[in-house]
Amino acid sequence: MNEPDPVISSLTAAATVHLLPAAGVAGDFWGSGFFIAPGWVLTCAHVLRPHLPGGPGGRLAVRGDFNDGIPVPAEVVAWRLADKEGPSIPPERDLALVRLLDREAEHECVWFTDRDVRPMHTVLVHGYRPEPQAAPGGGPVSFVAKAGINVLSGDHGLVIEPGAEYPKGVSGGPLLDPFTGEVIGIIKSRRKDKEGGLAVAAGALRGFGDRYREVMAAHDRWHAARTGHHTWTARQPATGPAASGGWTPRDRREALGLLAALPGPDTGAPVATLARQAAGGDLLPPSRAVLRSWRDGHGLLYDGEQPLDPLVHLRYLRLVVLYARARGGAADPLFDWINRRLEQVADPLHHELVTGISLPAGLLPDPASPERVVLPYPGPKEGPVVTVVMDPLYDDPDLFEWTIHLFDGEGGSEQVGVYEEPAPRSDAAWHNHQTLRRRLHQVLHAEDPDEAHPLPVEIALPVSRFDTPVHRWQLQDAPPMGGLTQLGAQRRLVVRDLGRRGQWSDEEGRGSRWQATAEAQRLTVARIPEPGAAQRPVYYETLPPGAVPVLCRPAGRGAGSTAIELTLRAGHGIALWDIGGHSGHSCGQQCDELRTRVQKLFDTVGSTAELPDRLRHLREDIDRRRPETQWPEPLMLLYDDPGRPLPTDDESPLDSP
């Protein structure tokens with residue numbers, strides 16, 4: 001599609017609207033927007049802020065090529081602006097969702113991409129512009145122009161190349177990719193003297209969280225019901241190898257419509273896991289936008305340079321069916337559609353690639369308790385994490401200068417707690433710990449999405465303090481009777497190396513080792529220190545990808561301290577040690593038993609991301625009356641993801657990539 005398809009261009013124009021005051025007349029004009037789903041308008045927050053500074057709840061009107069051109073009352077439902085947003089708004093926060101008050105109004109909706117957006121060539125800018133010569137009762141007129149996107153700005157900014165010219169008022173309008181026939185962004189700002197401008201990539205919409213799921217499910221259901229020759233999917237090109245028939249726009253439309261009927265995952269981790277498994281050996285591109293829904297995983301499958309075979313899409317859909325059914329969800333319509341679509345695959349041997357696929361063990365409900373679900377530890381941009389940075393004070397090693405940070409799951413972080421040094425007192429260390437405990441409890445209570453999905457907590461410590469029993473902390477002054485009281489049994493709890501703060505990217509091989517461990521088919525115990533020999537760096541550096549260092553003694557002193565130092569220096573991001581283990585040089589039977597039990601733990605793990613929650617389950621099952629359940633209590637877990645660097649001392653809150 002070298003030239004814009006006239007039907008898709010006209011459909012985009014029909015879905016584009018302009019915004020005006022609630023009691024305004026047709027000539028009033030704030031800016032542009034577009035229908036992304038039935039009754040839902042997407043626009044830029046900066047278009048609304050001067051007129052509705054209160055944001056959500058504010059009333060306005062929407063006018064366009066629907067309802068006979070009569071403005072329809074609407075309400076701002078959500079925007080992504082921060083409470084004290086400055087004049088320069090980052091692209092990912094310059095978004096607002098508006099909903100018509102008349103839910104029965106009929107109108108066109110754009111086809112909104114499910115992919116990340118990469119630099120491309122020609123795009124079409126749609127919107128409205130003021131008409132100075134309009135007659136009384138007239139108003140702004142529609143506008144369309146070609147432009148080019150030649151570079152990205154951060155994760156969610158699309159830079160429009162110099163030479164493109166579009167007038168004031170177009171901000172908030174859709175950005176159409178004429179090659180794919182999809183809306184891939186929102187016009188944010190223009191520059192003077194034909195110097196191009198900036199748009200917001202489609203993936204930034206995922207920042208609305210559950211509201212994003214709601215809107216895009218409505219989008220997919222609406223398009224699934226559209227038929228005929230003058231629809232988006234009738235005019236869009238197929239993707240995928242031609243020999244396999246390609247994954248057609250009709251396939252995509254029907255699949256996304258059926259996915260919209262299923263309950264969504266609680267985090268983006270299952271989405272990424274199932275997409276990777278469906279693609280098999282094919283390398284999926286990294287996603288800059290956080291994953292929120294099954295549609296996002298579908299988009300990953302044709303986001304690379306070469307679209308994948310239709311069988312990959314069917315494998316992904318089959319995995320989603322299995323995931324939903326494992327949790328009691330009804331997925332028969334999607335299951336039946338997959339079988340019908342398989343009939344178009346000529347080679348029956350290929351059917352087994354779809355019908356024979358199974359869920360990874362980590363995404364199955366725990367077999368010991370059907371209601372227990374293993375929660376993967378979120379990677380960068382896969383979900384929020386609370387990080388506690390504990391830096392001992394030099395003049396008093398029992399005191400920590402601590403800070404608490406909330407990583408929002410979208411690439412940004414915010415400091416949400418800090419220790420304020422009290423007046424000198426004999427119980428300063430006690431006060432230091434109590435204030436941390438109480439503030440951490442407040443943060444977790446405020447930020448937990450729900451009781452079934454508590455936020456993970458990571459504690460950054462210097463190596464000399466790796467034996468601090470953070471998993472035994474009790475955050476509440478009066479915890480409920482009969483409930484789990486220790487932090488390590490309540491949440492996914494991991495330790496990180498404070499020495500890597502601010503210098504993680506300089507450690508050669510750390511990222512590649514982390515990735516290799518994550519991709520290993522099986523995790524195995526690597527005994528440290530090296531048995532029967534003096535400790536040598538080469539032993540730690542040449543461990544195979546799936547080997548996880550396991551130490552049967554404390555990490556803060558003696559041979560254990562040397563072993564952990566060499567482990568970290570070799571770039572390992574995962575390790576376990578026993579803070580209650582022996583302090584002497586000789587290992588005994590209890591050391592062999594520990595490594596055997598840890599190996600059994602590893603054998604239950606489908607991916608490294610499951611390891612923190614699998615360990616939590618073992619702690620959850622500890623019973624003082626059953627000694628065999630108590631072995632994991634003194635275990636500490638290093639889980640130090642280089643993709644989410646620890647905040648530095650002088651780091652200010654990160655609201656944008």
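For reference, positions follow the sequence shown, starting with 1. Just the heavy atoms: all of them, side chains too, but no hydrogens, waters or symmetry mates, feed the values below.
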* Would you check if the side chain of His107 reaches a backbone N or O of Gly39 as a donor-acceptor pair within less than 3.5 Å? => yes
* Starting from the C-alpha separation in whole Å, work towards a yes-or-no answer on side-chain contact (heavy atoms from CB on, under 4.5 Å) for Val77 and Phe208. => CA-CA 11 Å; Val77 173; Phe208 282 110; over 6 Å; no
* Asked: Where do Val110 and Leu176 land on the side-chain contact (heavy atoms from CB on, under 4.5 Å) test, with the steps shown first?
  -> CA-CA 9 Å; Val110 304; Leu176 177 69; over 6 Å; no
* To do: Kindly indicate whether the side chain of Ser171, heavy atoms from C-beta on, has any atom under 4.5 Å from the side chain of His46.
  => yes
* Any residue meeting side-chain contact (heavy atoms from CB on, under 4.5 Å) with Leu11, in chain and number order, not counting sequence neighbours -> Val7, Glu108, Trp232
* Would you please say whether a donor-acceptor pair under 3.5 Å links the side chains of Gln236 and Arg252? => yes
* Would Glu214 and Arg99 pass as an ion pair if we require N to O under 4.0 Å? -> yes
* With side chains defined as the heavy atoms from C-beta onward, is the minimum distance between Arg49 and Leu81 less than 4.5 Å? -> yes
* With a 4.5 Å heavy-atom cut-off, do Val125 and Val170 have their side chains touching? -> yes
* To do: Compare all side-chain heavy atoms of Pro384 with those of Asp408 and state whether any distance is below 4.5 angstrom.
  => no
* Closest heavy-atom pair and its distance - Ala78, Pro56 -> CA-CG, 4.0 Å
* Step by step, would you call Leu52 with Trp79 a side-chain contact (heavy atoms from CB on, under 4.5 Å)? -> CA-CA 11 Å; Leu52 301 171; Trp79 67 14; 5.6 Å; no
* Side chains of Leu205 and Met216: does their closest heavy-atom pair fall under 4.5 Å? -> yes
* Asked: When you measure from the centre of the six-membered ring of Tyr323, is the NZ or CZ of Arg327 under 6.0 Å away and within 45° of the axis?
  -> yes
* **Sidechain N-carboxylate O distance under 4.0 Å for Arg341, Asp336** => no
* Considering residues at least two apart in sequence or located in another chain, which fulfil the side-chain contact (heavy atoms from CB on, under 4.5 Å) criterion with Ala260? -> Ala217, Asp220, Arg221
* Parallel, tilted or perpendicular for Trp247 and His298, by the 30°/60° rule? -> tilted
* **Close side-chain approach of Arg325 and Asp332, heavy atoms under 4.5 Å** => yes
* Ring centres under 6.0 angstrom apart (Trp111, His219) -> yes
* Asked: Taking the side chain as C-beta and beyond, is there a heavy-atom pair between Thr16 and Ser142 under 4.5 Å?
  -> no
* Are Ile160 and Val123 close enough that some pair of their side-chain heavy atoms sits under 4.5 Å apart? -> no
* Presence of salt bridge, Asp94 and Arg80, under 4.0 angstrom -> no
* What is the distance from atom CZ of Arg63 to atom CG of Leu19, rounded to the nearest 0.5 Å? -> 12.5 Å
* Flag, side chain of Arg250 to backbone of Thr233, donor-acceptor distance under 3.5 Å -> no
* To do: Would you please test Leu124 and Leu175 for side-chain contact (heavy atoms from CB on, under 4.5 Å) and show each step?
  => CA-CA 6 Å; Leu124 291 182; Leu175 192 71; over 6 Å; no
* Classify the angle between the aromatic ring planes of Phe29 and His18 as parallel (below 30°), tilted (30 to 60°) or perpendicular (above 60°). => perpendicular
